[in-house]
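Have a look at the structure below, then the notes.
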Amino acid sequence: MEESPNSQQPKSSLKIIQTLKSNLFSFHSTWAELNGAMGDLGTYIPIVLALTLAKDLDLGTTLIFTGLYNAITGLVYGVPMPVQPMKSIAAVAISSPGFGIPEVMASGICTGAILLVLGATGLMRLVYNLVPLCVVRGIQLAQGLSFALTAVKYVRKVQNFSKSKSLGERPWLGLDGLVLAIVCACFIIVVNGAGEENSEEVDDEENSLRMRRRRRWRKIISNLPSAFIIFILGVVLAFIRKPRLVDGIKFGPNSIKVIHISRQAWKEGFVKGTIPQLPLSVLNSVIAVCKLSYDLFPQRADFSPTSVSVTVGLMNLVGCWFGAMPCCHGAGGLAGQYKFGGRSGGCVAILGAAKLVLGLALGSSLVMVLNQFPVGVLGVLLLFAGIELAMASRDMGSKEESFVMLMCTAVSLVQSSAALGFLCGMVVYSLLRLRDLVFAHKTRDRSCLDIWMQRMA
């Protein structure tokens with residue numbers, strides 16, 4: 001007897017609910033997921049803080065909307081899918097005096113609309129299938145090394161985020177000194193190692209009391225939430241550096257209002273913001289994120305270039321109208337959260353809940369705390385996120401693939417343009433394929449000629 005459509009509908013609804021529940025609550029470890037939530041802050045805090053100080057970005061509204069984005073993406077994808085500021089738009093805003101908040105929001109809306117169209121029409125899937133893995137790995141390696149170099153600059157130099165400039169050498173001692181950053185880096189290395197999973201097997205002969213104690217201590221150390229501990233340390237040091245921060249904190253959310261965008265702001269935003277941001281969003285926020293997600297979570301199939309492109313588009317088409325920073329997903333954030341223990345959607349859901357609470361409770365007054373947060377500590381978190389992303393490129397199986405990858409990386413790093421590096425990588429890859437076809441054709445012709453000459457003899 002066949003089931004009616006009405007009887008199948010509750011089953012499908014129940015399956016969807018079970019999937020969403022699994023996406024949020026399939027914790028590898030509660031502390032590990034909490035620790036993984038801190039892995040993206042090395043990118044998020046400096047950019048948002050710089051725009052808040054330089055362009056008067058509404059920090060409270062940005063926290064509320066990005067918190068919602070985090071919770072929804074964790075619920076939908078079931079992996080620590082990050083929500084990061086759009087870096088190219090942020091860089092233009094910080095460096096251009098006439099590029100204000102209306103232009104920033106216009107850039108985000110235009111970029112989101114284009115990505116939504118690419119995803120909804122299936123064109124993003126076509127682009128994803130056409131781009132070879134070695135070119136994607138080149139973009140990831142360039143982005144990872146760029147993060148690492150920026151992180152070292154944060155550690156070595158005193159930073160002025162509002163002007164995006166380094167002010168001088170960082171002192172060795174102090175509450176934001178080199179010694180503090182080095183100690184934090186050593187602590188993460190001791191706790192997390194190189195990021196490998198702890199799954200060692202021990203023979204019965206080694207199962208002595210001493211070995212059991214050693215394994216127990218190793219398990220305790222490796223389960224410490226290193227990034228979370230360092231972040232809490234940074235918050236405590238921020239209040240120690242400026243105790244009067246408590247007096248300036250005002251409770252309650254900011255009033256959310258619609259941003260008025262003039263015709264000139266639309267034009268400036270599209271030309272100066274959307275055009276340079278779009279290649280980076282397509283490559284790093286969609287294609288590289290999907291490739292890395294498949295590498296890290298091969299058992300999950302909840303993400304695709306189409307769905308990721310659509311979610312990035314919807315985020316910006318909603319939030320930017322109310323002054324929230326234009327956002328996207330990013331391979332660097334995913335690598336950072338994975339590095340520090342994030343394995344499920346619950347990781348970013350925890351981060352989203354924290355952003356929502358802070359945005360609703362403190363609003364933009366939180367910027368005073370972030371402004372005193374030790375920048376060297378942020379640099380340490382960003383350093384390990386960048387290295388984890390760069391290590392995704394270690395799976396190149398041939399010299400030819402490595403050649404294309406490194407060409408793409410070199411151009412991306414030197415020119416600071418993922419789009420130019422991508423174009424160079426695709427040209428080199430195409431030339432190598434053409435060369436193989438030509439030489440293969442000549443080899444076949446030569447073989448046929450040899451066979452014909454032998455027969456004639």
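Positions are given from 1 along the sequence.
Between C184 and L233 the shortest side-chain heavy-atom distance falls below 4.5 Å. Side-chain contact check for T43 versus K87: some heavy-atom pair is nearer than 4.5 Å. Considering only heavy atoms from C-beta on, V76 stays 4.5 Å or farther from M81 through its side chain. Taking 4.5 Å as the limit, every side-chain heavy atom of E268 sits out of range of all side-chain heavy atoms of S107. The shortest side-chain heavy-atom distance between C347 and Y338 does not fall under the 4.5 Å cut-off. Residues R156 and E169 are in side-chain contact: their nearest non-hydrogen atoms beyond the backbone lie under 4.5 Å apart. Residues Q159 and K153 form a side-chain contact, since some pair of their non-hydrogen atoms from C-beta on lies under 4.5 Å apart. In this structure, K272 and E103 have side chains that are not in contact, with every pair of non-hydrogen atoms separated by 4.5 Å or more.
Between G248 and M368, the shortest heavy-atom distance links the atoms O-CE, 2.9 Å. Residues G421 and C408 share a closest heavy-atom pair of O-SG, 3.2 Å. The heavy-atom pair separating C134 from V404 by the smallest distance is SG-CG1, 3.7 Å. Minimum interatomic distance between L370 and L59 (heavy atoms only, all atoms of both residues): CD1-CD2, 4.2 Å. Residues C328 and S285 share a closest heavy-atom pair of SG-OG, 3.2 Å. The shortest non-hydrogen separation linking A227 to M38 is CB-CB, 3.7 Å.
Judged by distance alone, with hydrogens and angles left aside, the side-chain atoms of S393 form a donor-acceptor pair with the main-chain N or O of A390 at under 3.5 Å. Using a distance-only test at 3.5 Å, with no hydrogens or angles considered, a donor-acceptor pair links the side chain of R394 to the main chain of M391. A distance-only check finds a donor-acceptor pair linking the side chain of T73 to the backbone of N70 [under 3.5 Å]. Side-chain N or O atoms of T61 include none that pairs as donor or acceptor with a backbone N or O of A324 at under 3.5 Å. The main-chain N or O of S146 is found under 3.5 Å from a side-chain atom of T150 such that the two form a donor-acceptor pair. Distance alone, capped at 3.5 Å, is enough to place a donor-acceptor pair between the E33 side chain and the R343 backbone. In this structure a side-chain-to-backbone donor-acceptor pair under 3.5 Å is present from Q140 to A288. Judged by distance alone, with hydrogens and angles left aside, the side-chain atoms of N35 form no donor-acceptor pair with the main-chain N or O of W31 at under 3.5 Å. Counting only distance, with no hydrogens or angles, the side chain of R137 and the backbone of A392 share a donor-acceptor pair below 3.5 Å.
Atom-to-atom distance recorded for Q277:CD and N284:CG is 9.5 Å, nearest 0.5 angstrom. Rounding to the nearest 0.5 angstrom, the gap separating the CG atom in D395 from the CG atom in D295 is 6.0 Å. Taking CG from L278 and CD1 from I114, the interatomic distance works out to 5.0 Å, rounded to the nearest 0.5 Å. Rounded to the nearest 0.5 angstrom, I89 CD1 and C320 SG are separated by 7.5 Å. In this structure, CG in L63 is found 9.0 Å from CG in L356, a value given to the nearest 0.5 Å. Between the CG atom in L141 and the CG atom in L406 there is a gap of 6.5 Å [rounded to 0.5 Å].
With hydrogens and angles left out, the side-chain atoms of N254 and S364 include a donor and acceptor closer than 3.5 Å.
Note on ring orientation: taking the six-membered ring where Trp is involved, the planes of Y77 and H329 are perpendicular (angle over 60°, cut-offs 30° and 60°).
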Item to check | Verdict with reasoning, I109 to N316, per side-chain contact (heavy atoms from CB on, under 4.5 Å) | outcome: CA-CA 5 Å; I109 293 169; N316 293 286; 5.9 Å; no
Next on the checklist: side-chain contact (heavy atoms from CB on, under 4.5 Å) for L362 and I249? Distances and angles first, verdict last.
Outcome noted: CA-CA 7 Å; L362 300 179; I249 292 178; 3.5 Å; yes
Next on the checklist: I'd like to know whether L317 forms a side-chain contact (heavy atoms from CB on, under 4.5 Å) with L116, so could you lay out the CA-CA distance, the side-chain angles of the two residues, the decisive distance to 0.1 Å, and finally the verdict.
Outcome noted: CA-CA 9 Å; L317 286 177; L116 180 62; 3.4 Å; yes
Checklist entry - Passes side-chain contact (heavy atoms from CB on, under 4.5 Å), L133 versus M405? Steps please. => result CA-CA 9 Å; L133 180 62; M405 178 189 72; over 6 Å; no
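A side chain to side chain contact (heavy atoms under 4.5 Å, CB included) with Y128 is found for exactly one of I287, T306, V282, V308, namely I287. Of the candidates L49, T52, V48, F161 forms a side chain to side chain contact (heavy atoms under 4.5 Å, CB included) with just one, namely L49. Applying side chain to side chain contact (heavy atoms under 4.5 Å, CB included) to K291 and the options I139, V136, V131 leaves one that passes, V136.
A 6.0 Å sphere centred on NZ of K355 holds more than 12 heavy atoms belonging to other residues, nucleotides or ligands.
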Contacts table for residues 374-381: side-chain donor-acceptor under 3.5 angstrom, sequence neighbours left out:
none

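When ring centroids are compared, F231 and F373 come within the 6.0 Å threshold. Centroid-to-centroid, the aromatic rings of F147 and Y154 stay 6.0 Å apart or farther.
The stretch residues 34-60 participates, sequence neighbours left out, in no salt bridge (charged side-chain N to carboxylate O under 4.0 Å, His left out) pair at all.
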